[in-house]
Amino acid sequence: MQAPQNQNTDNPGIYTEIYRRHRDFYESGKTQDHHFRASQLKLLRKVIKTHEREILGALHADLRKPEFEAFTSEIGLVYDEIAFALDHLKAWMKPQKITTPAVLFPTTSRIIPGSKGTVLIIAPWNYPVMLLLSPLVGAIAAGNTVFLKPSELAPHCAALMETLFAENFDPGYISVVNGDGAKVVSEMMDAITFDHIFFTGGTSVGKIIAQKAAKTLTPVTLELGGKSPAVVEADADITLAAKHIAWGRFFNAGQSCVSPDYVLVHRSQKQKFTDKICHFIREFWGENPQESESYGRIINHRRFDVLNDFLKDGNIIAGGQTDREDLYIAPTVVDHPSMESRLMKEEIFGPILPVIPFSDRAEAVSIIHRNPQPLAFYLFTQSDQTSDEYIRRIDFGGGCINNTMIHLASPHLPFGGVGSSGMGSYHGEQSFRTFSHYKSVMKTRAFYDNPLRYPPYNNRKTDIAQWVFD
Ligand code: NAD
């Protein structure tokens with residue numbers, strides 16, 4: 001498939017025009033209606049269903065995604081989010097009655113979920129469909145109009161998204177803006193004051209977005225990356241740990257924000273663990289993973305070169321084969337690289353797994369603390385006491401005990417980072433909350449108006465006030 005060209009525009013005025021359409025649509029009040037929001041969620045599901053084959057084709061063209069991985073992680077997760085939102089939308093939209101202090105009699109209080117207005121959603125290339133559409137579900141549910149900015153590094157998906165939204169949704173409601181992110185996002189943010197920006201991507205671009213958004217006091221959600229550790233304790237089920245870590249690290253050729261970035265293994269289990277992980281690599285992708293239909297590719301040559309450089313950092317005990325032309329890097333295990341190497345200081349974001357032995361919990365925790373707070377944390381242990389201790393001592397976005405990555409598949413669990421791995425969260429109700437502003441409203445009935453607060457004041461009024469606030 002020929003890669004489509006990015007549609008950069010040399011007319012930044014176009015964004016103001018699109019924004020005007022979005023504001024008119026928003027101010028018409030249409031998005032405030034429950035039926036409208038539900039109908040747009042159903043339309044989104046129908047559009048994806050109708051074009052499933054094209055979406056799978058675009059994901060294959062951009063990342064050589066195996067169909068199973070593409071269907072489950074890019075399409076299935078969005079269907080789940082839509083179904084969950086449709087089931088709960090009425091309840092989420094309902095104003096909540098709140099207690100009012102007796103001294104404010106005769107008033108009643110409610111918290112009313114309101115929309116934010118016109119929002120911008122910026123997606124990365126590694127899950128170029130799901131990370132664009134999953135936040136969109138929340139934005140629709142909460143009654144916003146939406147600018148979508150897909151990643152230019154997954155051009156087939158970006159072009160397909162533009163066509164599907166242009167053909168199926170009102171251009172005043174949802175529009176897709178394609179092009180080079182550094183240029184397009186910067187021009188859009190100069191031209192428009194969005195009511196919320198939802199960004200998924202790397203920490204360095206996240207900082208640029210946050211700085212720019214601060215100038216207009218635009219609230220941001222930042223879904224970023226980082227080095228997510230997996231710890232395999234001495235009492236862990238080693239076979240299970242190796243299987244879950246091999247799956248999590250090499251799914252999508254290691255290009256998942258929540259992929260286990262490196263493994264800390266208790267010294268007593270290290271040999272068994274590395275033997276098992278090599279076993280599962282062979283079992284999942286065969287003797288030559290390059291020939292496996294179940295193994296993806298690196299997104300582009302620039303990322304390939306970065307990852308290829310990482311391979312110089314340690315003793316390779318499995319994999320290590322590369323093919324630049326094919327953007328292929330084998331599932332690779334690196335034995336105990338130096339803590340000062342790039343492998344242990346930068347987010348790897350590819351199919352390379354460093355394995356580092358530790359002797360006790362204090363050493364494992366201190367290795368994790370060498371890097372900023374991770375997006376995800378994985379622990380393999382049979383002991384609740386051990387897992388409680390790790391969870392207390394490590395700051396991380398979210399994670400799993402005795403598993404990897406699957407915590408993001410539940411719409412009941414908010415998903416997001418902490419510190420340099422992000423701010424804010426989404427999925428399920430949390431997506432609705434992220435794209436809503438909650439209005440606190442008091443309603444006063446007219447039959448009684450307490451005269452206490454009005455001038456002229458006197459000692460008696462002051463005494464009563466002191467008694468009330470005491
Ligand atoms: P990126 O930060 O380079 O790009 C993300 C988006 O920002 C793209 O749409 C791009 O067009 C735009 N962009 C790029 N430069 C920009 C600039 N200067 N100003 C404004 N916008 C700009 O990220 P990426 O390489 O696409 O994705 C990889 C990173 O994303 C990894 O660090 C990974 O951990 C992280 N990630 C996080 C999550 C999460 O849910 N927390 C999910 C996927 C990926």
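These figures come from a predicted structure and were not determined experimentally. Numbering of ligands and ligand atoms starts at 1, following listing order.
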Inset, instruction - Assess the pair Phe435 and Tyr426: is the distance between their ring centroids shorter than 6.0 Å? - result: no
Legend entry - Option nearest atom 40 (O) of ligand 1 (shortest heavy-atom distance, choices Phe349, Phe415, Tyr127): Phe415
Inset, instruction - Look at the aromatic rings of His407 and Tyr378 and report parallel, tilted or perpendicular, splitting at 30° and 60°. - result: perpendicular
Legend entry - atom 5 (C) of ligand 1: the protein heavy-atom neighbour that sits closest, reported with distance to 0.1 Å: Thr200 O, 3.7 Å
Inset, instruction - Under 4.0 Å from a heavy atom of Trp125: give me the atoms of ligand 1 that qualify, with their elements. - result: 24 (P), 25 (O), 26 (O), 27 (O)
Legend entry - Heavy-atom nearest neighbour of atom 43 (C) of ligand 1 within options Leu222, Ile121, Asn126, Ile208: Asn126
Inset, instruction - Answer yes or no for Ala123: is there a heavy-atom contact with ligand 1 below 4.0 Å? - result: yes
Legend entry - Closest protein heavy atom (residue, atom, distance) for atom 27 (O) of ligand 1: Pro124 CB, 3.4 Å
Legend entry - Main-chain N/O of Asp384 paired to Ser387 side chain as donor or acceptor, under 3.5 Å: yes
Legend entry - Side chain, backbone, both or neither: Leu131 near ligand 1, heavy atoms under 4.0 Å: side chain
Inset, instruction - Using distance alone, decide if ligand 1 has a nitrogen or oxygen within less than 3.5 Å of any nitrogen or oxygen in Ser421. - result: no
Legend entry - Nearest-option assignment for atom 29 (C) of ligand 1, heavy atoms, candidates Ser151, Gly202, Gly181: Gly202
Inset, instruction - Taking Arg37 for its side chain and Thr31 for its backbone only, find out whether a donor-acceptor pair lies under 3.5 Å. - result: yes
Inset, instruction - Would you please indicate if the ring centroids of Phe250 and Phe284 are separated by under 6.0 Å? - result: no
Inset, instruction - Measure centre to centre between the rings of Tyr173 and His22, then say whether the value is under 6.0 Å. - result: no
Legend entry - Nearest candidate to atom 32 (O) of ligand 1, where distance is taken over non-hydrogen atoms, out of Met188, Met130, Lys227, Glu347: Glu347
Legend entry - Numbered atoms and elements of ligand 1 in range of Lys149, under 4.0 angstrom, heavy atoms: 9 (O), 11 (O)
Legend entry - Distance from atom 19 (N) of ligand 1 to nearest protein heavy atom, with residue and atom: Ala182 CA, 3.8 Å
Legend entry - Part of Phe199 within contact of ligand 1 (heavy atoms, under 4.0 Å): side chain
Legend entry - Structural part of Val258 in contact with ligand 1, heavy atom criterion under 4.0 angstrom: neither
Legend entry - atom 21 (N) of ligand 1 touched by protein heavy atom at under 4.0 Å: yes
Inset, instruction - For ligand 1, indicate whether the residue Leu153 contacts it via side chain, backbone, both or neither (heavy-atom separation under 4.0 Å). - result: neither
Inset, instruction - Quick one: look up the protein heavy atom nearest atom 3 (O) of ligand 1 and list residue, atom name and how far away it is. - result: Val205 CG2, 3.9 Å
Legend entry - Proximal ligand 1 atoms for Gly225, defined as those under 4.0 Å from one of its heavy atoms: 34 (O)
Inset, instruction - Please confirm whether the backbone N or O of Pro357 pairs with a side-chain atom of His336, one donor and one acceptor, at under 3.5 Å? - result: no
Legend entry - Under 3.5 Å: donor-acceptor pair, side chain of Asn144, backbone of Lys116: yes
Legend entry - Protein contact to atom 10 (C) of ligand 1 [nearest heavy atom, distance to 0.1 Å]: Glu152 OE1, 3.6 Å
Legend entry - Donor-acceptor under 3.5 Å (Asn371 side chain, Lys227 main chain): no
Legend entry - Test of ring centre spacing under 6.0 Å for Phe349 and Trp125: yes
Inset, instruction - Please state whether the rings of His427 and Phe415 are parallel, tilted or perpendicular, taking 30° and 60° as the class boundaries. - result: parallel
Legend entry - Check: His412 ring centroid to Phe84 ring centroid under 6.0 Å: yes
Inset, instruction - Give a yes or no on this: more than 12 heavy atoms of other residues, nucleotides or ligands lie within 6.0 Å of atom NZ of Lys243. - result: no
Inset, instruction - Nearest heavy atom to atom 38 (C) of ligand 1 wins, so pick from Ser228, Gly422, Cys257. - result: Cys257
Inset, instruction - Under 4.0 Å from a heavy atom of Val185: give me the atoms of ligand 1 that qualify, with their elements. - result: 20 (C), 21 (N)
Legend entry - Atom indices of ligand 1 within 4.0 angstrom of Glu223 heavy atoms, with elements: 37 (C), 38 (C), 39 (C), 40 (O), 41 (N)
Legend entry - Within reach of ligand 1, part of Ile122 (heavy-atom separation under 4.0 Å): side chain
Inset, instruction - Verify, without hydrogens or angle tests, whether Gln255 (side chain) and Arg297 (backbone) share a donor-acceptor contact under 3.5 angstrom. - result: yes
Inset, instruction - Check Leu224 against ligand 1 and report side chain, backbone, both or neither, counting heavy atoms closer than 4.0 Å. - result: backbone
Legend entry - Heavy-atom nearest neighbour in the protein, as seen from atom 35 (C) of ligand 1, with distance rounded to 0.1 Å: Gly201 O, 3.1 Å
Inset, instruction - Check whether more than 12 heavy atoms from other residues, nucleotides or ligands sit under 6.0 Å from atom CZ of Phe68, and answer yes or no. - result: no
